[in-house]
Every structure is written in structure tokens, then in C-alpha cells.
Student: 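For reference, the structure I am asking about is given below.
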Number of protein chains: 2
Amino acid sequence: MSATILLVDDHSVVREGYRSVLEKQPGLRVIAEAGDGAEAYRLFKSEAPDLVIMDLSMPGIGGIEAVRRIRQWDKAAKILVFTMHENAGFAVQAIRAGARGYVTKTSPPETLVRAVMDVLAGKIAISPDIDHELALSRLAGESSAADVLTPREFEVLRLLLAENTTEEIAETLHVSPKTVANLHSLIKDKLGVGSDIELVRLALRQGILTDADLGEA
Amino acid sequence: MSATILLVDDHSVVREGYRSVLEKQPGLRVIAEAGDGAEAYRLFKSEAPDLVIMDLSMPGIGGIEAVRRIRQWDKAAKILVFTMHENAGFAVQAIRAGARGYVTKTSPPETLVRAVMDVLAGKIAISPDIDHELALSRLAGESSAADVLTPREFEVLRLLLAENTTEEIAETLHVSPKTVANLHSLIKDKLGVGSDIELVRLALRQGILTDADLGEA
DNA sequence: ACCAAAGCCGGGAAAATTTCACGACGTTGC
DNA sequence: GCAACGTCGTGAAATTTTCCCGGCTTTGGT
């Protein structure tokens with residue numbers, strides 16, 4: 001009896017690639033495909049696959065959020081994130097959201113297959129490059145924003161990256177613009193960056209701001 | 001006699017996908033694969049394929065640069081860019097660099113096949129979503145940085161996005177910090193953004209700063 | 001050759017922002 | 001109770017951003 005798999009990726013040609021690699025393996029069967037997070041959630045509920053292979057950057061609700069929802073629906077769901085992002089920050093977020101594995105698309109097919117088997121066997125699978133990244137970021141001691149910032153500070157950071165002016169943020173947060181400016185300054189201090197530009201770059205590296213967010217502005 | 005194709009993408013599983021879709025078409029034959037720009041250039045010279053299908057975001061020299069080099073070697077080279085980036089900015093850059101087509105990975109396989117045929121027939125192929133984006137950005141009148149900025153201003157912008165302080169830039173450019181500050185201000189004005197954060201976001205949208213640049217800092 | 005337009009470089013001063021020091025208040029945990 | 005911490009805000013100094021200016025060189029048209 002073979003394991004059933006749900007593929008989630010917004011690039012149809014890429015799904016074709018997964019399929020071709022996975023179906024060469026005996027004991028694996030792709031039973032459904034989804035092109036975005038919402039569809040993935042629906043299909044998971046109706047098809048109850050043994051494993052979900054999920055991309056992160058997708059239109060609508062992203063992969064992280066999809067992972068969260070699926071895990072909420074089924075605490076035992078096995079989800080393997082397979083994405084182009086080689087950022088340790090994304091991996092941390094994905095695992096915290098409930099993923100059981102994280103493999104980058106640059107990995108050779110064997111690594112993906114291996115990870116699929118590991119996750120099906122109940123193990124946690126992380127591809128070697130991310131292992132290495134995580135180790136490095138540990139050594140470098142780069143402050144991982146989500147950790148070092150207080151909830152309020154993190155909120156302000158998110159708004160700074162998304163919204164525009166200090167005033168607007170003060171408005172939506174119902175505090176004085178002065179406070180926002182103070183927080184803004186404190187955040188840059190805590191994160192060890194000197195300019196707003198560095199701030200945005202750090203946020204991108206850590207996956208606080210994703211490429212997908214860029215369209216709206 | 002079938003047309004020969006060189007596939008370039010750093011994700012091996014994705015190449016698998018191209019292959020599977022393309023080889024269903026009679027008259028197409030994938031004769032080589034490359035995982036980065038440099039390898040693509042080498043293989044183009046040795047294999048002389050009829051068509052190159054190229055991803056943009058790759059380690060080492062990126063896709064745009066690879067396009068430029070290949071076209072320099074062979075003015076008649078037919079290159080079709082196939083990428084995840086749905087930014088009109090990237091498309092503009094790619095076409096200017098000498099690509100004959102631009103298709104996003106979200107497009108259905110038929111669109112890719114169609115574009116391949118069109119480019120082989122000597123036409124320029126742009127996928128519908130990018131057509132639409134281009135139209136929109138025209139209507140919105142968003143200043144396309146590369147156009148509205150003078151060479152010097154563009155240089156400063158690049159340094160602002162990459163380096164750090166005003167002083168450092170003044171240093172490497174051999175001008176006074178004051179000038180850099182003035183240009184910085186002028187750039188934001190010309191581009192119609194209010195804050196540095198908006199500036200970075202616009203740069204990302206237009207492909208001036210790519211995700212790949214983020215690792216170095 | 002001349003002029004106009006545009007790019008490049010920076011000074012100076014006003015305006016805005018960032019930063020720092022400080023205090024108040026509520027919560028949490030020992 | 002009290003120390004530690006997060007949150008919010010003020011005020012004043014330091015810095016940056018912005019605006020306005022003039023001089024300089026290059027380019028292109030007449």
C-alpha cells in the first residue's frame with residue numbers, strides 16, 4: 001500500500017517536476033495538486049493525504065499560513081516544505097508553524113526523495129544547506145528579530161515595512177507619533193542596523209517581509 | 001529535424017518539469033542542462049542549441065547577465081526567459097539584455113510551449129500576465145528608475161541599496177558626503193517615494209536589487 | 001561660435017527626524 | 001513588596017533631510 005501525496009506549488013511546470021521525480025519511487029503516489037494555500041487546505045481535508053509537499057511563496061495565503069491551518073485541522077499532518085528560499089529564517093518559521101521538514105529547491109532530487117521518506121517515517125528532515133545556514137547564523141549571532149523584539153516592537157517593525165509614514169502607524173496603533181519614532185529607533189538599535197535600508201534587507205533575509213508583499217504598494 | 005534546447009535553472013527538480021512538458025511536444029529535444037549562468041554560457045558555445053530556456057535567479061552570474069553574454073557571443077541566439085518573477089521590471093531588463101521572450105512560471109504549460117514555438121519562429125513572446133503588468137505600470141506612470149535617473153543618480157542608488165552610510169559612498173565616489181545626501185534626496189523625489197523603506201521596495205519590484213544580493217551583508 | 005538645457009558638485013540655512021536621557025504606569029515573577 | 005521589564009510619552013540636543021542657490025562642464029541645436 002503506497003503513501004499518498006498532495007503537491008502544492010503555484011508553478012504548474014514545477015509540479016510536473018515533483019511528480020516526475022516522485023513517481024519514479026515505488027511506494028509513492030501523487031493523488032492531488034493545489035496551486036495556492038486555500039486550495040491546499042481544501043484538498044487536504046477532502047483527500048487526507050499521508051504527506052503534503054508545500055511551496056512557500058504563493059499567491060493569496062502563503063505557504064506558512066497554509067501549514068498552520070492544516071496543522072490546526074489535523075495535529076498529526078505531515079508537511080514537507082520544499083522551496084527556493086535558502087534563508088534559515090524561513091525554515092525557522094516553517095518548522096514553528098508545524099512543518100516536519102524543509103528542503104530547498106536547489107537540492108538534488110535524491111535529497112527531496114530522502115526527505116520525503118524521512119518525514120513519512122516520522123522524522124524531521126532539513127536539507128544540508130539550511131543546516132549549514134542555521135549553524136552560521138548561530139555563530140554570527142545575528143539577532144533574529146522575532147526573538148529579540150518585544151511584541152509591540154515587532155508590530156511596529158511590520159508596520160514600518162508595510163505602511164508608510166510614522167504618523168500613519170501612530171494612527172493605527174493609537175499612540176503618539178513620538179512613541180513610534182522612539183520604537184523605530186529602538187528597533188534599529190536592538191537589531192544592530194544603522195539605516196532603514198539595512199533594516200529592510202535584514203527583514204527580507206529573515207523572512208519577515210516577503211517578496212510577495214511587494215505588489216501591494 | 002527537431003529543434004534543440006538548452007535548459008538553464010538552478011533547481012534540478014524544476015528542470016525535470018521543463019523536460020517532461022517539452023518532450024511531450026514532437027519536434028523539440030532537450031540536449032543539455034545548466035545549473036548556473038557560467039555553465040549556461042559554456043554549454044551554449046559547445047552545443048549551439050536552437051533555443052535557450054533560462055531562469056533568472058541563479059547563484060553566481062544571474063540570468064540577465066548570462067543572456068547578455070550569450071548574445072554577445074552569438075547575435076542571433078534565441079533565448080526565452082522563464083522565471084517566477086512577475087515583475088514587469090525584470091521583463092524589461094531581460095528583453096533589453098537580448099532575450100526574445102519572457103514567460104512566468106505561473107503560466108500553464110501550454111503558454112510555455114506556445115512561447116517556445118513563437119521564439120523558434122522568430123517572434124517575441126511575452127506571457128499575458130506580464131503584458132498586463134506592463135500596461136498597468138504604464139497607466140500608473142510609475143517612474144522606472146532606470147529611465148528617469150541620470151547615470152550618476154543610478155550609481156548612487158545602487159550604492160545606497162548595497163553599501164551603508166552616506167560617508168562610505170562619498171568615499172568610493174570621491175565626492176563630498178553632502179553631494180551624496182543631496183542626490184539621495186533627489187532620487188527619492190524623482191522616484192516619488194517618501195522613505196528609504198519605500199525606496200528599497202521599489203528597487204525590489206523593479207529588479208534593481210535582487211533577493212540574491214541579500215546574502216552578502 | 002553661441003546659447004540653452006541638462007547633468008554634476010557642493011554650500012548654507014531652515015525644517016524634520018533621530019537619538020538620548022528621563023519619568024510614569026501597569027504587569028509579572030520571585 | 002519590590003525588582004525587572006515592557007509600554008508610552010516628554011523635552012532638548014544632535015543629526016539628517018530638504019530646499020534653494022550658484023558655479024562648472026558637456027551636449028546639441030542654430
Side-chain angles (χ1 to χ4, degrees), chain A residues 92 96 141-204 206 208-209 217, chain B residues 92 96 141-204 206 208-209 217:
Chain A
V92 171
R96 285 195 187 156
E142 177 172 277
S143 328
S144 77
D147 284 345
V148 75
L149 296 183
T150 67
R152 195 59 161 182
E153 286 160 356
F154 197 78
E155 176 74 1
V156 171
L157 174 55
R158 274 220 349 257
L159 290 171
L160 278 170
L161 296 172
E163 299 260 348
N164 287 353
T165 71
T166 299
E167 277 73 19
E168 284 171 4
I169 296 174
E171 178 74 16
T172 65
L173 251 40
H174 305 294
V175 297
S176 107
K178 188 70 200 207
T179 298
V180 177
N182 277 336
L183 269 299
H184 186 172
S185 176
L186 184 58
I187 289 167
K188 288 202 286 184
D189 188 39
K190 278 196 178 180
L191 261 34
V193 299
S195 69
D196 280 345
I197 290 178
E198 283 182 88
L199 187 64
V200 178
R201 296 176 61 126
L202 183 134
L204 278 166
Q206 301 202 352
I208 298 164
L209 175 67
Chain B
V92 171
R96 285 195 186 155
E142 176 172 277
S143 329
S144 78
D147 283 346
V148 75
L149 297 183
T150 68
R152 194 59 161 182
E153 286 159 358
F154 197 77
E155 175 74 1
V156 171
L157 173 56
R158 275 222 348 256
L159 290 171
L160 278 171
L161 296 172
E163 299 260 346
N164 288 353
T165 71
T166 300
E167 278 72 19
E168 283 170 4
I169 296 174
E171 178 75 16
T172 65
L173 252 40
H174 305 295
V175 296
S176 106
K178 186 67 201 228
T179 299
V180 176
N182 277 336
L183 286 184
H184 186 172
S185 177
L186 183 59
I187 289 167
K188 288 203 287 184
D189 187 38
K190 277 197 178 181
L191 262 35
V193 300
S195 68
D196 280 346
I197 289 177
E198 282 182 271
L199 187 63
V200 178
R201 296 175 60 125
L202 182 134
L204 278 166
Q206 300 202 352
I208 298 164
L209 176 68

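Bear in mind that the values here come from a model prediction, so they are computed numbers and not experimental data. By convention in this document, chain letters (A, B, ...) are assigned in the order of the sequence lines, proteins followed by strands, and residues within each chain are numbered from 1.
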Student: For chain A and DNA chain D, what are the first and last nucleotides along the strand, 5' to 3', with at least one atom under 4.0 angstrom from a heavy atom of the protein chain?
Tutor: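 Going 5' to 3' along DNA chain D, contacts run dG6(D) to dA12(D).
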Student: Rounded to the nearest 0.5 Å, how far apart are CD of Glu171(B) and OG1 of Thr165(B)?
Tutor: 9.5 Å
Student: Can you measure from NZ (Lys188(B)) to CG (Leu202(B)) and round to the nearest 0.5 angstrom?
Tutor: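 Reported value, rounded in 0.5 Å steps: 12.5 Å.
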Student: Please round to 10 degrees the angle between the axis of the first five pairs and the axis of the last five pairs in the helix from dA1(C)-dT30(D) to dC30(C)-dG1(D).
Tutor: 40°
Student: Find the distance between CD1 (Ile169(B)) and CZ (Arg158(B)) and round it off to the nearest 0.5 Å.
Tutor: 10.5 Å
Student: Taking all atoms of both residues into account, what is the closest heavy-atom pair of Ala170(B) and Ser176(B), and its distance?
Tutor: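 Residues Ala170(B) and Ser176(B), closest heavy atoms: CB-C, 3.8 Å.
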Student: Mind checking which nucleotides bracket the chain B contacts on DNA chain C, 5' to 3', with an atom under 4.0 Å from a heavy atom?
Tutor: dG7(C) to dA13(C)
Student: Going from CG on Leu160(A) to CD on Glu155(A), what distance comes out if it is rounded to the nearest 0.5 angstrom?
Tutor: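 With rounding to 0.5 Å, CG (Leu160(A)) is 10.5 Å from CD (Glu155(A)).
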Student: Check DNA chain D against residues 176-185 of chain B and give the residues with a non-hydrogen atom under 4.0 Å, in numerical order.
Tutor: Lys178(B), Asn182(B), Ser185(B)
Student: Just one of Thr179(B), Asp196(B), Thr166(B), Asp189(B) clears the side chain to side chain donor-acceptor pair (under 3.5 Å) bar with His184(B), so which one?
Tutor: Asp196(B)
Student: Among residues at least two apart in sequence or on other chains, which ones pass side chain to side chain donor-acceptor pair (under 3.5 Å) with Asn182(B)?
Tutor: none
Student: Please find the pair of heavy atoms, one from Leu157(A) and one from Ile187(A), that lie closest to each other, and give the distance.
Tutor: N-CD1, 3.9 Å
Student: Under the salt bridge (charged side-chain N to carboxylate O under 4.0 Å, His left out) test, which residues partner Glu168(B), sequence neighbours left out?
Tutor: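 Testing Glu168(B) for salt bridge (charged side-chain N to carboxylate O under 4.0 Å, His left out), a comparison that skips the adjacent residues, returns none.
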